[in-house]
Amino acid sequence: MPHYDWHDWLFRENPMGARMPFNSKITCAHAQH
């Protein structure tokens with residue numbers, strides 16, 4: 001069965017576009033590198 005997602009960056013600017021699944025400006029403060 002297909003699965004569909006719709007991503008909208010309404011409250012934060014996304015340099016890749018408003019409907020892209022990821023935002024390069026957003027980071028996780030708790031991410032371990």
Within this structure, what is the CZ-CG distance for the pair Arg12 and Asn23, rounded to the nearest 0.5 Å? 8.0 Å
On a heavy-atom basis, which atom in Trp9 and which in Phe22 lie closest, and how many Å separate them? CZ2-C, 4.1 Å
What closest approach, in Å, do His7 and Asp5 show between heavy atoms, and which atom pair accounts for it? NE2-CB, 3.8 Å
